[in-house]
J.: 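The structure is given below, and queries will be raised subsequently.
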Amino acid sequence: DPLYEIDPSVLFGQVTPADYDKMVDTIRNGNLSQTSQAQFVIDGPLFELPAGDVQMAAVIEASHSKYELGPDKRSLSTYEGADRTFNFTGVAGGGSRDRYGMGVEFRVPMLKTLTANVAGRYDKYDDISDIGGAFTWQASLEWRPVESLLIRASRQTSFMAPNIMWLYGEPVTEYDDYVTNYYQCRLAGLDLSTTAGLTRCGVDYHEGAWYVEGGNNRRLREETATSNGLGFVWDITDKLSISADYWSIELQGKSQYLDTATLMGANADCLLGSRVDGSKVDPNSAMCRIYLDYVKRDADGNVTEYFLDAINQAGVRTHGFDASLKYAWSWGRIGDFTFNAGYSRTLGYDVKIAAGDPWEDYMPCSYSATYSCGSQPLAFRDRTNWTLGWNKDAWAGSLYGYRNGGRVNYQATGYLPAYVQWNASLSRKLTDSIRLGIDVTNVFDKYGPKDKTMTWYPFYQNIYGIAGRAFYVNLDFDF
(Lines give C-alpha, C1' and ligand atoms only; values in the text may rest on other atoms or scores of the structure.)
Protein backbone atom coordinates (compact mmCIF):
# COMPACT_ATOMS: atom_id res chain seq x y z
CA ASP A 1 0.00 0.00 0.00
CA PRO A 2 1.24 3.53 -0.70
CA LEU A 3 2.51 5.57 2.23
CA TYR A 4 0.41 8.53 1.16
CA GLU A 5 -3.01 8.67 -0.46
CA ILE A 6 -2.60 11.65 -2.81
CA ASP A 7 -5.73 13.31 -4.19
CA PRO A 8 -4.98 13.95 -7.92
CA SER A 9 -7.44 16.85 -7.97
CA VAL A 10 -5.32 18.60 -5.35
CA LEU A 11 -1.95 17.64 -6.80
CA PHE A 12 -2.80 18.57 -10.39
CA GLY A 13 -5.65 20.97 -9.79
CA GLN A 14 -5.63 24.69 -10.48
CA VAL A 15 -3.84 26.94 -7.98
CA THR A 16 -5.71 30.18 -7.42
CA PRO A 17 -3.88 33.47 -6.90
CA ALA A 18 -5.06 33.48 -3.30
CA ASP A 19 -3.64 29.99 -2.70
CA TYR A 20 -0.37 30.98 -4.35
CA ASP A 21 -0.05 34.07 -2.16
CA LYS A 22 -0.39 31.85 0.91
CA MET A 23 2.59 29.71 -0.19
CA VAL A 24 5.09 32.41 -1.17
CA ASP A 25 6.44 35.60 0.29
CA THR A 26 9.29 38.04 -0.24
CA ILE A 27 12.34 37.66 1.96
CA ARG A 28 14.21 40.89 2.64
CA ASN A 29 17.82 40.73 3.77
CA GLY A 30 20.18 43.60 4.53
CA ASN A 31 23.90 42.80 4.31
CA LEU A 32 27.08 44.87 4.51
CA SER A 33 30.72 44.14 3.68
CA GLN A 34 33.52 46.69 3.68
CA THR A 35 37.30 46.92 3.76
CA SER A 36 39.54 49.96 4.05
CA GLN A 37 43.33 50.01 3.93
CA ALA A 38 46.20 52.49 4.15
CA GLN A 39 49.75 51.70 3.08
CA PHE A 40 53.08 53.50 3.11
CA VAL A 41 55.96 52.15 0.98
CA ILE A 42 59.56 53.32 0.68
CA ASP A 43 62.27 51.76 -1.50
CA GLY A 44 65.65 52.51 -3.00
CA PRO A 45 69.40 51.80 -2.69
CA LEU A 46 70.98 51.72 0.78
CA PHE A 47 74.69 51.50 0.07
CA GLU A 48 77.12 50.09 -2.44
CA LEU A 49 79.02 46.78 -2.29
CA PRO A 50 81.74 45.63 -4.69
CA ALA A 51 79.14 43.59 -6.61
CA GLY A 52 76.53 46.37 -6.73
CA ASP A 53 74.00 48.37 -4.71
CA VAL A 54 72.09 46.89 -1.78
CA GLN A 55 68.42 47.58 -2.47
CA MET A 56 65.79 47.95 0.26
CA ALA A 57 61.99 48.17 0.35
CA ALA A 58 59.83 48.68 3.43
CA VAL A 59 56.08 48.81 3.99
CA ILE A 60 53.80 49.86 6.84
CA GLU A 61 50.07 49.23 6.49
CA ALA A 62 46.81 49.03 8.40
CA SER A 63 43.40 47.72 7.37
CA HIS A 64 39.89 47.47 8.78
CA SER A 65 37.38 44.82 7.65
CA LYS A 66 33.77 44.53 8.65
CA TYR A 67 30.68 42.56 7.67
CA GLU A 68 27.09 42.36 8.83
CA LEU A 69 24.45 39.80 7.84
CA GLY A 70 20.90 41.00 8.47
CA PRO A 71 18.51 38.27 7.30
CA ASP A 72 14.75 38.61 7.40
CA LYS A 73 13.82 37.74 10.99
CA ARG A 74 11.24 35.22 9.75
CA SER A 75 14.05 33.06 8.31
CA LEU A 76 16.02 32.79 11.56
CA SER A 77 15.98 29.46 13.35
CA THR A 78 15.11 31.24 16.60
CA TYR A 79 11.96 32.83 15.16
CA GLU A 80 8.77 31.17 16.44
CA GLY A 81 6.09 33.14 14.59
CA ALA A 82 3.43 31.48 12.46
CA ASP A 83 4.86 33.16 9.36
CA ARG A 84 8.33 31.63 9.70
CA THR A 85 9.90 30.43 6.45
CA PHE A 86 9.95 26.77 5.48
CA ASN A 87 13.04 25.12 3.97
CA PHE A 88 14.93 28.41 4.02
CA THR A 89 17.14 29.38 6.94
CA GLY A 90 18.76 32.78 7.21
CA VAL A 91 22.20 33.20 8.73
CA ALA A 92 22.88 36.17 10.98
CA GLY A 93 26.23 37.44 12.13
CA GLY A 94 28.69 40.24 11.94
CA GLY A 95 31.96 41.50 13.25
CA SER A 96 35.09 43.43 12.49
CA ARG A 97 38.81 42.83 12.24
CA ASP A 98 41.73 45.26 12.36
CA ARG A 99 45.11 44.31 10.96
CA TYR A 100 48.44 46.09 11.29
CA GLY A 101 51.54 45.03 9.41
CA MET A 102 55.08 46.04 8.63
CA GLY A 103 57.74 44.43 6.51
CA VAL A 104 61.18 44.98 5.04
CA GLU A 105 63.05 43.35 2.16
CA PHE A 106 66.71 43.51 1.12
CA ARG A 107 68.30 42.55 -2.19
CA VAL A 108 72.02 41.99 -1.63
CA PRO A 109 74.50 41.37 -4.50
CA MET A 110 76.99 39.07 -2.76
CA LEU A 111 79.04 38.40 -5.91
CA LYS A 112 78.76 39.46 -9.51
CA THR A 113 76.97 36.17 -10.16
CA LEU A 114 75.21 35.63 -6.81
CA THR A 115 72.36 37.68 -5.31
CA ALA A 116 70.50 37.12 -2.05
CA ASN A 117 67.00 38.30 -1.16
CA VAL A 118 65.95 38.44 2.50
CA ALA A 119 62.58 39.66 3.78
CA GLY A 120 60.68 39.72 7.06
CA ARG A 121 57.17 40.76 7.98
CA TYR A 122 55.06 41.08 11.14
CA ASP A 123 51.23 41.13 11.14
CA LYS A 124 48.98 41.82 14.11
CA TYR A 125 45.28 40.87 14.05
CA ASP A 126 42.70 42.37 16.38
CA ASP A 127 39.43 40.40 16.48
CA ILE A 128 37.58 37.98 18.78
CA SER A 129 39.98 35.11 18.09
CA ASP A 130 43.22 34.28 19.88
CA ILE A 131 45.32 34.70 16.72
CA GLY A 132 47.30 37.73 17.87
CA GLY A 133 50.32 38.36 15.69
CA ALA A 134 52.87 36.43 13.68
CA PHE A 135 56.26 36.96 12.06
CA THR A 136 56.97 35.49 8.64
CA TRP A 137 60.13 35.53 6.57
CA GLN A 138 61.52 34.72 3.15
CA ALA A 139 65.03 34.05 1.84
CA SER A 140 66.22 33.24 -1.66
CA LEU A 141 69.39 32.96 -3.73
CA GLU A 142 69.88 33.68 -7.43
CA TRP A 143 73.03 32.39 -9.13
CA ARG A 144 74.10 33.07 -12.71
CA PRO A 145 77.08 30.83 -13.56
CA VAL A 146 76.74 32.23 -17.10
CA GLU A 147 74.72 35.19 -18.36
CA SER A 148 72.04 33.02 -19.97
CA LEU A 149 71.44 30.66 -17.03
CA LEU A 150 69.73 31.52 -13.73
CA ILE A 151 69.59 28.98 -10.89
CA ARG A 152 67.30 29.93 -8.01
CA ALA A 153 66.37 28.56 -4.60
CA SER A 154 63.96 29.88 -1.96
CA ARG A 155 62.41 29.14 1.41
CA GLN A 156 59.61 31.11 3.03
CA THR A 157 56.92 31.03 5.68
CA SER A 158 53.38 32.36 5.45
CA PHE A 159 50.48 33.15 7.74
CA MET A 160 46.73 33.54 7.15
CA ALA A 161 43.99 34.37 9.62
CA PRO A 162 40.73 32.36 9.63
CA ASN A 163 37.80 33.38 7.45
CA ILE A 164 36.15 36.25 9.31
CA MET A 165 32.66 34.82 8.66
CA TRP A 166 33.64 31.51 10.26
CA LEU A 167 34.60 33.42 13.41
CA TYR A 168 31.64 35.76 13.79
CA GLY A 169 28.76 33.83 12.25
CA GLU A 170 25.99 33.33 14.79
CA PRO A 171 24.91 29.78 15.64
CA VAL A 172 22.30 28.55 13.19
CA THR A 173 19.95 25.60 12.95
CA GLU A 174 19.25 24.86 9.31
CA TYR A 175 16.89 22.49 7.55
CA ASP A 176 18.44 19.51 5.76
CA ASP A 177 16.31 17.34 3.49
CA TYR A 178 17.80 14.05 4.63
CA VAL A 179 20.86 12.32 6.01
CA THR A 180 22.14 9.06 4.54
CA ASN A 181 23.18 6.80 7.41
CA TYR A 182 26.27 5.13 5.90
CA TYR A 183 27.01 3.44 9.21
CA GLN A 184 23.76 1.44 9.20
CA CYS A 185 24.17 0.68 5.50
CA ARG A 186 27.52 -0.93 6.11
CA LEU A 187 26.27 -2.79 9.18
CA ALA A 188 23.56 -4.24 6.94
CA GLY A 189 26.24 -5.54 4.59
CA LEU A 190 25.65 -3.18 1.67
CA ASP A 191 28.66 -2.74 -0.59
CA LEU A 192 28.99 1.02 -0.96
CA SER A 193 31.75 0.63 -3.54
CA THR A 194 29.04 -0.30 -6.06
CA THR A 195 26.32 1.84 -7.58
CA ALA A 196 23.69 -0.71 -6.59
CA GLY A 197 24.85 -0.71 -2.97
CA LEU A 198 24.93 3.07 -2.71
CA THR A 199 21.49 3.38 -4.32
CA ARG A 200 20.05 0.84 -1.91
CA CYS A 201 21.67 2.69 0.97
CA GLY A 202 20.11 6.00 -0.08
CA VAL A 203 16.67 4.39 -0.32
CA ASP A 204 16.62 2.26 2.83
CA TYR A 205 18.80 4.22 5.24
CA HIS A 206 18.10 7.89 4.87
CA GLU A 207 16.57 9.93 7.66
CA GLY A 208 14.58 12.99 6.59
CA ALA A 209 13.44 16.40 7.81
CA TRP A 210 16.61 17.27 9.69
CA TYR A 211 17.50 20.43 11.53
CA VAL A 212 21.27 20.50 11.83
CA GLU A 213 23.22 22.78 14.14
CA GLY A 214 26.09 24.82 12.77
CA GLY A 215 27.67 28.20 12.91
CA ASN A 216 30.82 29.88 14.08
CA ASN A 217 33.95 28.42 15.61
CA ARG A 218 35.84 30.98 17.64
CA ARG A 219 38.47 28.36 18.43
CA LEU A 220 39.79 28.47 14.86
CA ARG A 221 43.52 29.10 14.69
CA GLU A 222 45.59 30.72 11.98
CA GLU A 223 46.96 28.78 9.01
CA THR A 224 50.74 28.71 8.69
CA ALA A 225 52.90 27.26 5.94
CA THR A 226 56.49 26.68 4.91
CA SER A 227 57.37 26.63 1.21
CA ASN A 228 60.54 25.61 -0.61
CA GLY A 229 61.55 26.04 -4.22
CA LEU A 230 64.47 25.09 -6.46
CA GLY A 231 64.70 25.70 -10.19
CA PHE A 232 66.33 27.33 -13.17
CA VAL A 233 65.66 29.62 -16.14
CA TRP A 234 67.79 29.10 -19.25
CA ASP A 235 67.73 31.65 -22.08
CA ILE A 236 69.06 29.35 -24.79
CA THR A 237 68.83 32.12 -27.42
CA ASP A 238 67.32 35.57 -27.54
CA LYS A 239 64.04 33.99 -28.66
CA LEU A 240 64.06 30.63 -26.87
CA SER A 241 63.98 29.99 -23.12
CA ILE A 242 62.98 27.17 -20.80
CA SER A 243 62.40 26.97 -17.06
CA ALA A 244 61.70 24.30 -14.46
CA ASP A 245 60.99 24.56 -10.73
CA TYR A 246 60.48 22.00 -7.99
CA TRP A 247 58.28 23.12 -5.10
CA SER A 248 57.09 21.77 -1.77
CA ILE A 249 54.57 23.22 0.67
CA GLU A 250 53.64 22.13 4.19
CA LEU A 251 50.54 23.77 5.61
CA GLN A 252 49.57 23.60 9.28
CA GLY A 253 46.16 24.40 10.69
CA LYS A 254 44.34 24.46 7.34
CA SER A 255 40.74 25.62 7.84
CA GLN A 256 38.19 23.19 6.41
CA TYR A 257 34.41 23.51 6.67
CA LEU A 258 32.74 20.14 7.20
CA ASP A 259 29.84 19.08 5.00
CA THR A 260 27.18 16.49 5.82
CA ALA A 261 28.32 13.76 3.42
CA THR A 262 31.97 13.97 4.46
CA LEU A 263 31.06 13.96 8.15
CA MET A 264 28.69 10.99 7.88
CA GLY A 265 31.15 8.98 5.80
CA ALA A 266 34.10 9.66 8.12
CA ASN A 267 31.96 8.99 11.21
CA ALA A 268 31.01 5.56 9.82
CA ASP A 269 34.68 4.82 9.03
CA CYS A 270 35.68 5.57 12.62
CA LEU A 271 32.86 3.51 14.13
CA LEU A 272 33.71 0.48 11.95
CA GLY A 273 37.49 0.85 11.88
CA SER A 274 37.77 0.82 8.08
CA ARG A 275 36.76 2.72 4.96
CA VAL A 276 34.60 1.52 2.13
CA ASP A 277 37.71 0.63 0.12
CA GLY A 278 38.91 -1.62 2.98
CA SER A 279 41.76 0.58 4.25
CA LYS A 280 42.07 0.65 8.04
CA VAL A 281 41.08 3.53 10.29
CA ASP A 282 42.12 3.83 13.93
CA PRO A 283 38.95 4.53 15.97
CA ASN A 284 41.13 5.88 18.79
CA SER A 285 42.95 8.40 16.60
CA ALA A 286 42.66 12.13 17.19
CA MET A 287 40.93 12.41 13.81
CA CYS A 288 38.21 9.98 14.87
CA ARG A 289 37.69 11.80 18.14
CA ILE A 290 36.69 14.84 16.04
CA TYR A 291 34.33 12.95 13.72
CA LEU A 292 32.77 10.88 16.51
CA ASP A 293 32.16 13.95 18.65
CA TYR A 294 30.24 15.75 15.87
CA VAL A 295 27.59 13.02 15.44
CA LYS A 296 25.28 11.67 18.16
CA ARG A 297 23.49 8.33 17.74
CA ASP A 298 21.06 6.20 19.73
CA ALA A 299 21.66 2.57 20.69
CA ASP A 300 20.46 1.36 17.27
CA GLY A 301 22.84 3.62 15.36
CA ASN A 302 20.23 6.15 14.29
CA VAL A 303 21.52 9.72 14.06
CA THR A 304 19.93 11.89 16.72
CA GLU A 305 22.00 15.05 16.28
CA TYR A 306 24.98 16.33 14.33
CA PHE A 307 26.93 19.55 14.12
CA LEU A 308 28.77 21.26 11.28
CA ASP A 309 31.40 24.00 11.43
CA ALA A 310 34.94 24.76 10.34
CA ILE A 311 37.87 22.90 11.87
CA ASN A 312 41.63 23.25 11.73
CA GLN A 313 43.26 20.24 10.11
CA ALA A 314 46.62 19.38 11.62
CA GLY A 315 48.46 19.55 8.33
CA VAL A 316 48.58 19.32 4.54
CA ARG A 317 51.76 18.77 2.57
CA THR A 318 52.23 18.65 -1.17
CA HIS A 319 55.06 18.78 -3.69
CA GLY A 320 55.52 18.85 -7.44
CA PHE A 321 57.15 20.73 -10.26
CA ASP A 322 56.37 23.31 -12.97
CA ALA A 323 58.03 23.72 -16.36
CA SER A 324 57.66 26.22 -19.18
CA LEU A 325 58.93 26.96 -22.70
CA LYS A 326 58.88 30.26 -24.61
CA TYR A 327 59.80 30.69 -28.27
CA ALA A 328 59.43 33.55 -30.74
CA TRP A 329 60.13 33.71 -34.49
CA SER A 330 59.29 35.68 -37.62
CA TRP A 331 58.14 34.43 -41.02
CA GLY A 332 58.56 37.61 -42.99
CA ARG A 333 55.39 38.55 -44.84
CA ILE A 334 53.34 36.01 -42.91
CA GLY A 335 53.99 37.77 -39.60
CA ASP A 336 55.57 37.33 -36.19
CA PHE A 337 54.81 34.31 -33.99
CA THR A 338 55.17 33.38 -30.33
CA PHE A 339 54.69 30.01 -28.66
CA ASN A 340 54.37 29.56 -24.91
CA ALA A 341 53.78 26.25 -23.14
CA GLY A 342 53.53 25.28 -19.50
CA TYR A 343 53.31 22.03 -17.56
CA SER A 344 52.52 21.45 -13.88
CA ARG A 345 52.62 18.12 -12.05
CA THR A 346 51.65 17.36 -8.45
CA LEU A 347 53.76 14.47 -7.16
CA GLY A 348 52.26 14.05 -3.70
CA TYR A 349 49.44 15.29 -1.49
CA ASP A 350 49.26 14.12 2.15
CA VAL A 351 46.77 15.13 4.83
CA LYS A 352 46.83 14.85 8.62
CA ILE A 353 43.42 15.61 10.14
CA ALA A 354 44.47 15.84 13.80
CA ALA A 355 47.76 16.21 15.66
CA GLY A 356 49.37 12.89 16.52
CA ASP A 357 47.84 11.04 13.58
CA PRO A 358 49.98 9.66 10.73
CA TRP A 359 50.09 11.36 7.35
CA GLU A 360 47.62 9.89 4.83
CA ASP A 361 48.13 9.79 1.06
CA TYR A 362 45.19 11.68 -0.49
CA MET A 363 46.40 11.41 -4.10
CA PRO A 364 44.07 8.47 -4.92
CA CYS A 365 41.07 10.01 -3.14
CA SER A 366 37.78 10.60 -4.89
CA TYR A 367 35.97 13.85 -4.17
CA SER A 368 33.29 11.64 -2.60
CA ALA A 369 34.26 10.81 0.97
CA THR A 370 31.74 7.96 0.86
CA TYR A 371 34.11 5.84 -1.20
CA SER A 372 37.64 6.74 -0.19
CA CYS A 373 39.91 8.52 2.24
CA GLY A 374 38.47 12.02 1.95
CA SER A 375 37.28 14.79 -0.28
CA GLN A 376 39.42 15.06 -3.42
CA PRO A 377 42.08 17.70 -2.70
CA LEU A 378 43.38 17.79 -6.25
CA ALA A 379 41.53 19.07 -9.27
CA PHE A 380 44.00 17.28 -11.57
CA ARG A 381 47.37 15.66 -11.02
CA ASP A 382 48.86 17.38 -14.04
CA ARG A 383 47.96 20.31 -16.28
CA THR A 384 49.38 21.47 -19.60
CA ASN A 385 48.66 24.69 -21.47
CA TRP A 386 49.92 26.22 -24.70
CA THR A 387 49.40 29.44 -26.65
CA LEU A 388 50.32 30.18 -30.26
CA GLY A 389 50.26 33.92 -30.94
CA TRP A 390 50.41 35.73 -34.30
CA ASN A 391 50.81 39.42 -35.21
CA LYS A 392 50.86 41.00 -38.65
CA ASP A 393 50.47 44.78 -38.98
CA ALA A 394 47.02 45.60 -37.54
CA TRP A 395 46.02 41.94 -37.19
CA ALA A 396 46.51 39.70 -34.14
CA GLY A 397 45.40 36.17 -33.40
CA SER A 398 45.94 33.41 -30.89
CA LEU A 399 45.21 29.73 -30.46
CA TYR A 400 45.08 28.66 -26.82
CA GLY A 401 44.63 25.15 -25.50
CA TYR A 402 44.92 23.24 -22.26
CA ARG A 403 44.97 19.62 -21.18
CA ASN A 404 43.84 18.46 -17.75
CA GLY A 405 45.24 15.05 -16.88
CA GLY A 406 43.45 12.04 -15.48
CA ARG A 407 41.21 12.47 -12.43
CA VAL A 408 39.95 9.91 -9.93
CA ASN A 409 36.39 8.87 -10.74
CA TYR A 410 33.50 9.28 -8.31
CA GLN A 411 33.77 5.82 -6.76
CA ALA A 412 37.61 5.88 -6.66
CA THR A 413 37.81 2.73 -8.78
CA GLY A 414 39.93 4.23 -11.57
CA TYR A 415 40.83 7.35 -13.49
CA LEU A 416 38.89 9.40 -16.00
CA PRO A 417 40.71 10.17 -19.27
CA ALA A 418 42.44 13.48 -19.89
CA TYR A 419 40.40 16.42 -21.15
CA VAL A 420 41.57 18.87 -23.84
CA GLN A 421 39.95 22.17 -24.77
CA TRP A 422 40.84 24.68 -27.51
CA ASN A 423 40.07 28.40 -27.66
CA ALA A 424 40.83 30.93 -30.41
CA SER A 425 40.77 34.67 -31.02
CA LEU A 426 41.27 37.04 -33.95
CA SER A 427 41.27 40.85 -33.87
CA ARG A 428 42.13 43.89 -35.97
CA LYS A 429 43.21 47.34 -34.88
CA LEU A 430 40.85 49.83 -36.55
CA THR A 431 42.52 52.97 -35.22
CA ASP A 432 45.26 53.78 -32.73
CA SER A 433 42.72 53.42 -29.90
CA ILE A 434 40.07 51.00 -31.21
CA ARG A 435 40.37 47.23 -31.76
CA LEU A 436 37.62 44.87 -32.98
CA GLY A 437 37.88 41.15 -32.33
CA ILE A 438 36.13 37.81 -32.01
CA ASP A 439 36.80 35.08 -29.43
CA VAL A 440 35.69 31.45 -29.60
CA THR A 441 35.83 29.30 -26.48
CA ASN A 442 35.61 25.51 -26.54
CA VAL A 443 36.13 25.47 -30.31
CA PHE A 444 35.33 21.76 -30.73
CA ASP A 445 32.30 21.89 -28.38
CA LYS A 446 33.66 19.21 -26.02
CA TYR A 447 32.42 18.34 -22.56
CA GLY A 448 34.18 16.54 -19.76
CA PRO A 449 34.59 12.74 -19.92
CA LYS A 450 31.59 10.73 -18.82
CA ASP A 451 31.99 9.21 -15.36
CA LYS A 452 30.28 5.80 -15.45
CA THR A 453 30.45 5.57 -11.65
CA MET A 454 28.32 8.73 -11.34
CA THR A 455 24.76 7.62 -11.86
CA TRP A 456 22.96 10.94 -12.04
CA TYR A 457 22.76 13.92 -14.37
CA PRO A 458 24.94 15.27 -15.91
CA PHE A 459 27.00 12.03 -15.52
CA TYR A 460 30.33 13.86 -15.47
CA GLN A 461 32.11 15.91 -12.84
CA ASN A 462 31.21 19.60 -12.93
CA ILE A 463 34.84 20.66 -12.53
CA TYR A 464 35.14 20.27 -16.30
CA GLY A 465 32.57 23.00 -16.81
CA ILE A 466 29.16 22.92 -18.45
CA ALA A 467 29.61 25.48 -21.25
CA GLY A 468 29.87 24.37 -24.85
CA ARG A 469 31.15 26.38 -27.79
CA ALA A 470 30.64 30.12 -27.36
CA PHE A 471 31.34 33.17 -29.54
CA TYR A 472 32.15 36.66 -28.27
CA VAL A 473 32.58 39.90 -30.21
CA ASN A 474 34.81 42.48 -28.52
CA LEU A 475 35.26 46.17 -29.18
CA ASP A 476 38.14 47.64 -27.13
CA PHE A 477 38.81 51.34 -26.62
CA ASP A 478 42.13 52.67 -25.27
CA PHE A 479 42.00 56.11 -23.69
J.: State the SG-CG distance between C201 and L190, to the nearest 0.5 angstrom.
T.: 6.0 Å

J.: How long is the span from the OG atom in S96 to the CD atom in Q34, to the nearest 0.5 Å?
T.: 9.5 Å

J.: Mind checking side-chain contact (heavy atoms from CB on, under 4.5 Å) for A418 and listing every partner two or more places apart, or none if nothing turns up?
T.: R403

J.: Are F232 and I242 close enough, and set up right, to give a side-chain contact (heavy atoms from CB on, under 4.5 Å), and what steps lead you there?
T.: CA-CA 8 Å; F232 71 89; I242 60 174; 4.2 Å; yes

J.: Restricting to side-chain hydrogen bond (donor to acceptor under 3.5 Å, both in side chains), what partner residues turn up for E105, sequence neighbours left out?
T.: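 Here no residue qualifies.
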
J.: Please report the interatomic distance CZ(R297) to CG(L271), rounded to the nearest 0.5 Å.
T.: 5.5 Å

J.: Can a salt bridge be assigned to the pair D269 and R186 using a cut-off of 4.0 Å between side-chain N and carboxylate O?
T.: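 A salt bridge is present here (some side-chain N lies under 4.0 Å from a carboxylate O).
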
J.: Aromatic contact between Y291 and Y306, with the criterion being ring centroids under 6.0 Å apart: yes or no?
T.: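 That pair fails the under 6.0 Å test.
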
J.: Do you know which of F135, Y125, W137 makes ring pair (Phe, Tyr, Trp, His ring centres under 6.0 Å) with F159?
T.: Y125

J.: Take L251 and T224 through the side-chain contact (heavy atoms from CB on, under 4.5 Å) test and state the conclusion after the steps.
T.: CA-CA 6 Å; L251 180 65; T224 61; over 6 Å; no

J.: Below 4.0 angstrom, N of the basic side chain to O of the carboxylate: do D123 and R99 qualify?
T.: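 The answer is yes: the pair qualifies as a salt bridge.
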
J.: Below 4.0 angstrom, N of the basic side chain to O of the carboxylate: do R317 and D350 qualify?
T.: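 A salt bridge links R317 with D350.
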
J.: Taking the side chain as C-beta and beyond, is there a heavy-atom pair between Y343 and L325 under 4.5 Å?
T.: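 A side-chain contact under 4.5 Å is absent here.
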
J.: Partners of N442 by side-chain hydrogen bond (donor to acceptor under 3.5 Å, both in side chains), sequence neighbours excluded?
T.: none

J.: Among all residues two or more places apart in sequence or in another chain, which pass the side-chain hydrogen bond (donor to acceptor under 3.5 Å, both in side chains) test with H319?
T.: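 Per chain and number, H319 pairs via side-chain hydrogen bond (donor to acceptor under 3.5 Å, both in side chains) with no residue.
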
J.: The test is ring pair (Phe, Tyr, Trp, His ring centres under 6.0 Å); show your working for Y349 and Y362 and say whether it passes.
T.: CA-CA 6 Å; Y349 196 106; Y362 268 42; 7.2 Å; no

J.: Give every residue pair that meets the salt bridge (Lys or Arg N to Asp or Glu O under 4.0 Å) criterion with at least one member in residues 85-96, sequence neighbours excluded.
T.: none

J.: How long is the gap from OG1 on T115 to CE on M110, to the nearest 0.5 Å?
T.: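 Atom-to-atom, T115:OG1 and M110:CE are 9.0 Å apart.
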
J.: Would you check, one step at a time, whether the test salt bridge (charged side-chain N to carboxylate O under 4.0 Å, His left out) holds for K352 with E250?
T.: CA-CA 11 Å; K352 183 190 296 186; E250 183 167 332; over 6 Å; no

J.: Can you spot which of T304, V179, N181, L263 makes a side-chain contact (heavy atoms from CB on, under 4.5 Å) with V295?
T.: L263

J.: How long is the span from the CZ atom in R275 to the CG atom in L192, to the nearest 0.5 Å?
T.: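 That separation rounds to 14.5 Å.
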
J.: Go through the structure and list residues passing side-chain contact (heavy atoms from CB on, under 4.5 Å) with S227, not counting sequence neighbours.
T.: Q156, I249

J.: If you count every heavy atom of other residues, nucleotides or ligands that lies below 6.0 Å from W143 atom CH2, does the total exceed 12?
T.: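 For W143, atom CH2 is not crowded (no more than 12 foreign heavy atoms under 6.0 Å).
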
J.: For W386, which residues count as a ring-ring contact (aromatic ring centres under 6.0 Å, His included) partner, sequence neighbours excluded?
T.: W422

J.: Using a 6.0 Å cut-off, check whether atom CD1 of I466 has over 12 heavy atoms from anything other than its own residue.
T.: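 12 or below, so no.
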
J.: Just jot down the salt bridge (charged side-chain N to carboxylate O under 4.0 Å, His left out) partners of R345, sequence neighbours excluded, or say none.
T.: D382

J.: Is the count of non-hydrogen atoms from other residues, nucleotides or ligands lying under 6.0 Å from R469 atom CZ greater than 12?
T.: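 For R469, atom CZ is crowded (more than 12 foreign heavy atoms under 6.0 Å).
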
J.: Taking C-beta and beyond as the side chain, do R152 and S154 meet within less than 4.5 Å on heavy atoms?
T.: no

J.: Verify side-chain hydrogen bond (donor to acceptor under 3.5 Å, both in side chains) between T441 and N423, making sure each step is shown before the conclusion.
T.: CA-CA 4 Å; T441 59; N423 308 298; 4.8 Å; no

J.: Measure the shortest side-chain to side-chain distance between Q39 and V41 over non-hydrogen atoms and say whether it is less than 4.5 angstrom.
T.: yes

J.: Applying side-chain hydrogen bond (donor to acceptor under 3.5 Å, both in side chains) to S243 and S324, what does each step give before you reach the verdict?
T.: CA-CA 5 Å; S243 70; S324 69; 2.4 Å; yes

J.: May I ask you to test the D98-S63 pair for a side-chain heavy-atom distance under 4.5 Å?
T.: no

J.: Working to the nearest 0.5 angstrom, can you tell me the gap between N409 CG and T453 OG1?
T.: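 These two atoms lie 4.0 Å from each other.
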
J.: Run the ring-centre check on F321 versus Y246 and record whether the distance is less than 6.0 Å.
T.: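 Between Y246 and F321, which both carry aromatic rings, the centre distance is not below 6.0 Å.
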
J.: Show every disulfide (SG to SG under 2.5 Å) that has at least one partner inside residues 76-105, sequence neighbours left out.
T.: none

J.: Within a reach of under 6.0 Å around CH2 of W359, are more than 12 heavy atoms found that belong to other residues, nucleotides or ligands?
T.: yes

J.: Hey, is R74 close enough to E80 for a salt bridge, meaning N to O under 4.0 Å?
T.: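 Result for this pair is no, no salt bridge flagged.
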
J.: Under 3.5 Å, is there a donor-acceptor pair linking the side chains of Y205 and Q184?
T.: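 No pair is found: no donor N or O on one side chain lies under 3.5 Å from an acceptor on the other.
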
J.: Who pairs with D293 by salt bridge (charged side-chain N to carboxylate O under 4.0 Å, His left out), at least two apart in sequence or on another chain?
T.: K296

J.: According to salt bridge (charged side-chain N to carboxylate O under 4.0 Å, His left out), who are the partners of E142, at least two apart in sequence or on a separate chain?
T.: R107

J.: Determine, for E61 against R121, whether the closest basic-nitrogen to carboxylate-oxygen distance falls under 4.0 angstrom.
T.: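 Salt bridge flag = yes for R121 with E61.
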
J.: Does the side-chain contact (heavy atoms from CB on, under 4.5 Å) test come out yes or no for L272 and L187, once each step is laid out?
T.: CA-CA 9 Å; L272 297 171; L187 282 181; 3.9 Å; yes

J.: Please enumerate all residues that pass salt bridge (charged side-chain N to carboxylate O under 4.0 Å, His left out) together with R200, with sequence neighbours excluded.
T.: D204

